Each structure stands twice: as C-alpha cells, then as structure tokens.
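Here is the structure we will look at.
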Amino acid sequence: MTPSLKVAVMGAGAVGCYFGGMLAHAGHDVVLIARRQHVMAVTQRGLRMQTTRFDEQVRLTASTDVAAVRDASLVLFCVKSTDTESAGALMRPHLAASATMLCLQNGVDNADRLRAMLPQHAVAAAVVYVATEMAGPGHVRHHGRGELVIEPSGSSAAVAQALVAAGVPTEISDNVRGALWNKLILNCAYNAVSAITQLPYGKTVAGEGVTDLMRDVVAECLAVAHAEGVQVAGDVYAVVDKLAASMPAQFSSTAQDLARGKRSEIDHLNGLVVVRGQALGVAAPANRVLWALVKLLETKAAGTPDA
Ligand code: KPL
C-alpha cells in the first residue's frame, strides 16, 4: 500500500482528468483546478470516468482557484504548451516548497520552461501516451492506453510507485529527452492530419498517400533531432506505424482544439521542428505545410475581420 498523496491537477482537461482521476480512484487526495462549468459538475456529482476498465463517478474536489495547489505534494501540470509560463506564474505564490511538478504535456521543452519559472521547485518532464477526451463537464472518456515515462527527480520513485499502484503503467527513464522527441514525432505525424481533416487516426492512415506523408514528416523530425544531438528513444517508424491501430477512434488533441475553436499546440509540435530545423540548417517542408495549414484553420476559426 503506497502512502496517500495530496495531488493538484493544474489544467484539468482530458489528460489531467484521466491521470488525476486514476489517482483519486486509488484513494489519493486530488483537487482539479479547472474552469467553472467543470468544477460545478465535479462538485455536484464527482468526476465521471468512463474508461476502458471501469465507468464510475469518482469523488474528488475541484476548484477554479489556483491557490488550491497550496497543500499539494505533487502537481500534475497539464496545461497546453501555449500556457506553460502563464500557468507557472499563477501557481508560483501558492506552491509548497516541497511540491514536485510533473509536466504531462505535449512538446519537448515544457519542463525546461516551467523550471525557469520555478527555479526553487522540483520539476520533472513526463511523456504521456493516452487516448482521452472530455465528453462534457465533469465527464472524461478514455479510449485506450495511459502510460507515462517520467524523468528521474527527487520524488520520482515514490510518484512512479503511486501511479503504478493506481493502474498507470509508469517507467522512469534516463533519456526522457529522447522519449519526449519520440512522442513529439508521433504528434507531428498524426495531430495536424487529424485536425485538418477532422478524422480519427484509423481513418487518416487509410487515406491515399497519408502514410507516405507521415514517413516524410518523421524523416524530417529525425534529421532535426539528430542535428540537435538528441538520441531519439526507440524505433519511431514502428511506433508511428502502430499508433493508429492502438487508438483508431481517437481524434488528436489538435483536432479537438480546432473543433472547439481553441488555439492549438501546433507551434510546439510541427512548428517547433520547423523553427529548430531552420536554426540548424535542416529543411522540414512537410512539417511546414502541416503547421501552416493548422495555423490558417485557427485563424479561420477565430474569425477574420471584414475586408
Ligand atoms: O498526444 C496525443 C495527442 O492527441 O496530442 C496522442 C498520443 C497522439 C493521442 O491522441
């Protein structure tokens, strides 16, 4: 039996609700920091966790007030990559000195950016593989997977033990940078295509020429990673080939953002590869096309002023 943790979830969207909910389901004391509608639903009925293993109303607390991080020994930092600095600044005055931040985010640089905001705190990167979505306020739906790879830090061993006991397969890795790039490449291959077409992965990979496009994206990403001196963990081509089969009904988080008219993380996915490639003299034309099209769709969703 692992000791009960006090956990705060900063940015309780689908990823935060799933992992925070799994810890609450296992008996840990969890508070979700989220928007009003979501907080009201969770306060009234608990969090509905419709997972591949159970469908239950999980009891936990929720607050719109970021000061609710104050008692947490573990903060699951799950905000979008676009909001890392602003969310870090909001949390900073309230955090306990001993709190550990675990960054459950897409992209490769969030933990470094949060560390720069919170130099006195322990911050660890995590690589997240999960298919989830918010089905409505206070209701998270899980379509599959749900494993984490985390960076070694002061409390990683205890955190990993609690996560594993809560049903979240968790590995501590000395090459989290390489694992983050592996995940980034997966996001670069899938997210924009699913967002532009508003199709789930199973349908995107069935499209003519799509797997060839994905291979071009992967090759460019690997060239940029190589130029950066990153040892990309694992066989990325094999991981990319298998993802659609492991979550065929999943829409990428970028697709979910665009469908809700929200700003996506594309600048931190294909956009990051283009920018880093440019700095290192590595061309990334397939990534550039995907990035530019998603940016255009974001602009369209935001509405253009009359000419
Ligand atoms: O991270 C994801 C995302 O959608 O951003 C994957 C793992 C690709 C799952 O959809």
Side-chain angles (χ1 to χ4, degrees), residues 11-19 22 51-52 76-84 102-111 125-135 140-150 168-171 176 179-205 210-211 213-215 217-218 221 232-260 262-273 287 290-291 294 297-298:
V15 168
C17 282
Y18 176 73
F19 289 103
M22 289 298 281
T51 78
T52 49
L76 302 184
F77 191 70
C78 305
V79 304
K80 293 276 177 200
S81 302
T82 45
D83 300 332
T84 293
L102 192 60
C103 295
L104 273 61
Q105 297 169 283
N106 279 333
V108 292
D109 59 0
N110 283 295
V127 191
V128 186
Y129 293 96
V130 70
T132 48
E133 59 168 336
M134 290 310 296
V140 63
R141 205 175 273 144
H142 167 239
H143 298 289
R145 300 189 62 175
E147 65 272 20
L148 297 177
V149 179
I150 69 177
V168 176
T170 305
E171 181 199 325
V176 154
L180 284 169
W181 268 87
N182 181 312
K183 170 72 191 301
L184 171 74
I185 297 174
L186 202 67
N187 287 132
C188 288
Y190 278 93
N191 284 39
V193 176
S194 170
I196 294 163
T197 58
Q198 287 294 311
L199 286 173
Y201 300 150
K203 292 223 163 81
T204 57
V205 293
V210 172
T211 52
L213 164 64
M214 287 178 164
R215 288 193 151 251
V217 170
V218 173
C221 292
V232 179
D235 177 349
V236 190
Y237 286 104
V239 171
V240 167
D241 282 347
K242 283 189 195 134
L243 185 84
S246 75
M247 37 179 98
Q250 180 72 11
F251 288 79
S252 69
S253 54
T254 313
Q256 296 179 44
D257 287 339
L258 287 195
R260 294 189 176 117
K262 286 185 1 197
R263 187 174 165 207
S264 79
E265 295 182 301
I266 205 71
D267 287 343
H268 300 270
L269 306 179
N270 307 81
L272 177 133
V273 172
N287 279 279
L290 293 176
W291 167 78
V294 172
L297 287 168
E298 279 181 11

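Worth saying up front: this structure is predicted, and the values here are computed from it rather than measured. Atoms within a ligand are numbered from 1 in the order they appear, just like the ligands themselves.
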Under 4.0 Å from a heavy atom of M247: give me the atoms of ligand 1 that qualify, with their elements.
9 (C)

When you compare the side chain of L102 with that of F19, does any pair of heavy atoms fall below 4.5 Å?
no

Distance to 0.1 Å, residue and atom name: give those for the protein heavy atom nearest to atom 4 (O) of ligand 1.
S253 N, 2.8 Å

Non-hydrogen atoms of V128 versus ligand 1: any pair closer than 4.0 Å?
no

Out of curiosity, is E265 lining ligand 1, as in a heavy atom under 4.0 Å away?
no

Provide the number and element of each atom of ligand 1 under 4.0 Å from a heavy atom of V130.
9 (C)

If you measure from each non-hydrogen atom of L186 to ligand 1, which part falls under 4.0 Å: side chain, backbone, both or neither?
neither

Proximal ligand 1 atoms for Q250, defined as those under 4.0 Å from one of its heavy atoms:
10 (O)

Is there a heavy atom in N191 that sits closer than 4.0 Å to ligand 1?
yes

Quick one: are L184 and V273 in side-chain contact, heavy atoms under 4.5 Å?
yes

Side-chain donor or acceptor of Q250 paired with backbone N/O of Y201 under 3.5 Å
no

Identity and distance of the protein heavy atom lying nearest atom 10 (O) of ligand 1
Y201 OH, 2.6 Å

Nearest neighbour in protein (non-hydrogen) for atom 2 (C) of ligand 1
N187 ND2, 3.3 Å

Assess, by modelled atom type and distance only, whether the side chains of S81 and N106 contain a donor and an acceptor separated by less than 3.5 Å.
no

Under 3.5 Å side-chain donor-acceptor pair for N191 and T254:
yes

N/O donor-acceptor pair under 3.5 Å between Y18 side chain and A131 backbone:
no

Per-atom contacts, ligand 1 versus S252 - under 4.0 Å to a heavy atom
4 (O)

For a quick test of reading the model, state the closest non-hydrogen atom pair linking S252 to S194 and the distance between them.
N-OG, 3.1 Å

So is K183 in contact with ligand 1, going by heavy-atom distances below 4.0 Å?
yes

Flag, side chain of E298 to backbone of L258, donor-acceptor distance under 3.5 Å
no

